[in-house]
There are 2 protein chains.
Amino acid sequence: MVSSWFHLNHRSGVPLYLQLKEQVKTAVAGGVLKPGDRLPPVRELAIQLTVNPNTIARAYSELERDGLLSSEQGRGTFVRAAEPLLGAEERRIQVQGLIDKVLVEAFNLRLTAKELSELWEQRLQAWEVRLQRGEGED
Amino acid sequence: MVSSWFHLNHRSGVPLYLQLKEQVKTAVAGGVLKPGDRLPPVRELAIQLTVNPNTIARAYSELERDGLLSSEQGRGTFVRAAEPLLGAEERRIQVQGLIDKVLVEAFNLRLTAKELSELWEQRLQAWEVRLQRGEGED
DNA sequence: GATATTGTATCAATGTATTAATACAATTGT
DNA sequence: ACAATTGTATTAATACATTGATACAATATC
């Protein structure tokens, strides 16, 4: 059951729709949700997560704006097959900004270049393994 | 003049104290501000950036809470020499979380593993060069 | 065609974040 | 001692974000 992948913490202080967005993004990036897969209807998921349907709808619609999902009235919400809307250069810049954040934080936390590189390699491999395994076959 | 390193965009939507925090963190990580260096007094910087002194004070005090700065009433605010307050494992986890964010975003934006690795190497080198150069000698 | 199912839009309620005005407290320097 | 300089604390004004209640619109299903 798809919706069991998602779980919201009502007391974390992190907005509910943001928690859901992150979980959907992670599920897609990790191959748990694949292009064409259908997400639960907003009302259904709202009941299971005990939130207002609008909260689910907001997460879905923002992910649609970002090019990750596609919603159609009356049909449902699906994982998009196509590539993102942004151009190659824009995507590069966006990822580069996130990388620079990592570097600033790592240096301020006094991680050595070696520690940082090892951590990077480790996480990169963890994700590549997930993708190669084709996780999310149900 | 130290304060000329900072510049706030009043119309960006990003909170002013957050903009300043980021710039201080980047300056410290990049060696532009070094341990022991004094930051401008809250009032002085407030005038130059045309904001309320409290806004500067908030940025400073949050950075103190994070272990990057050290403020003393009557004396001023300085870049801390010592390592951060967090333990080795906590720091690792924090950086790992940021790395995972990069990976999720990169895969969702359909960057290849090669593109991503190259981008990482490029940014890492850019920062290492900055640090080796000992930038910020004035 | 009628009904159910789905996403969408509008509006209101509430809380929280941001910034500012102002006063307080500790240290420095004369 | 005193005045100037510094960070700190309190409070308030304002705007914004978040969530929910409810109604609307398009598609699917029978």
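Letters A, B, ... are given to chains in the order of the sequence lines, protein chains preceding strands, and every chain is numbered from 1.
- Side-chain proximity of A:Arg38 to the nucleotides C:dT6, C:dT18, D:dG7 is greatest for C:dT6.
- Between the P atom of C:dT18 and the CG atom of B:Leu20 lies a distance of 14 Å, rounded to the nearest Å.
- In this entry the distance linking CZ of A:Arg58 with C1' of D:dC16 reads 11 Å, nearest Å.
- Here D:dG20 presents its P atom at 13 Å from CD1 of A:Ile47, a figure rounded to the nearest Å.
- Between A:Glu72 atom CD and D:dT27 atom P the separation is 8 Å, expressed in whole Å.
- As a whole-Å value, the separation of A:Gln73 CD from D:dA26 C1' is 4 Å.
- In this structure, B:Thr77 reaches the sugar-phosphate backbone alone: every heavy-atom distance under 4.0 Å involves primed, P, OP1 or OP2 atoms, never a base.
- For the atom pair B:Asn54 CG and B:Tyr17 OH, the distance stands at 13.5 Å (nearest 0.5 Å).
- Nearest to the side chain of B:Pro41, among D:dT6, C:dT8, C:dT19, sits D:dT6.
- Contact check, B:Tyr17 against C:dT18: a side-chain N or O comes under 4.0 Å of OP1 or OP2.
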Inset, instruction - Show the numbers, then the answer: is there a salt bridge (charged side-chain N to carboxylate O under 4.0 Å, His left out) between B:Lys25 and A:Glu105? - result: CA-CA 8 Å; B:Lys25 281 166 77 171; A:Glu105 197 68 13; 3.3 Å; yes
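- Closest to the side chain of B:Arg43, out of D:dG20, D:dT8, C:dT6, is D:dT8.
- Taking CG from B:Leu111 and OG from B:Ser117, the interatomic distance works out to 10.0 Å, rounded to the nearest 0.5 Å.
- Contact of B:Arg75 with D:dG7 (side chain to base): no donor-acceptor pair of N or O atoms is detected under 3.5 Å.
- Distance from the side chain of B:Asn52 is smallest to C:dA21 among C:dA21, C:dG7, D:dT19.
- With distances taken from any side-chain atom of B:Pro15 to the nucleotides C:dT18, D:dA26, D:dG7, the minimum falls on C:dT18.
- A:Leu49 places its CG atom 12 Å from the P atom of D:dT19, with the value rounded to the nearest Å.
- Rounded to whole Å, the distance from CD on A:Glu44 to P on C:dA4 is 18 Å.
- Atoms CD1 (B:Ile56) and C1' (C:dT19) sit 12 Å apart, rounded to a whole Å.
- Checking the phosphate oxygens (OP1, OP2) of C:dA21, no side-chain nitrogen or oxygen of B:Asn54 falls inside 4.0 Å.
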Inset, instruction - Quick one: do A:Ser70 and A:Glu64 satisfy side-chain hydrogen bond (donor to acceptor under 3.5 Å, both in side chains)? Show the steps, please. - result: CA-CA 5 Å; A:Ser70 165; A:Glu64 183 181 25; 4.8 Å; no
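- Considering only side-chain N and O atoms, A:Thr55 lies under 4.0 angstrom from the phosphate OP1 or OP2 of D:dG20.
- No more than 12 heavy atoms of other residues, nucleotides or ligands sit less than 6.0 Å from atom NZ of B:Lys101.
- Distance from the side chain of B:Leu18 is smallest for C:dT18 among the nucleotides D:dG20, C:dT18, C:dA26.
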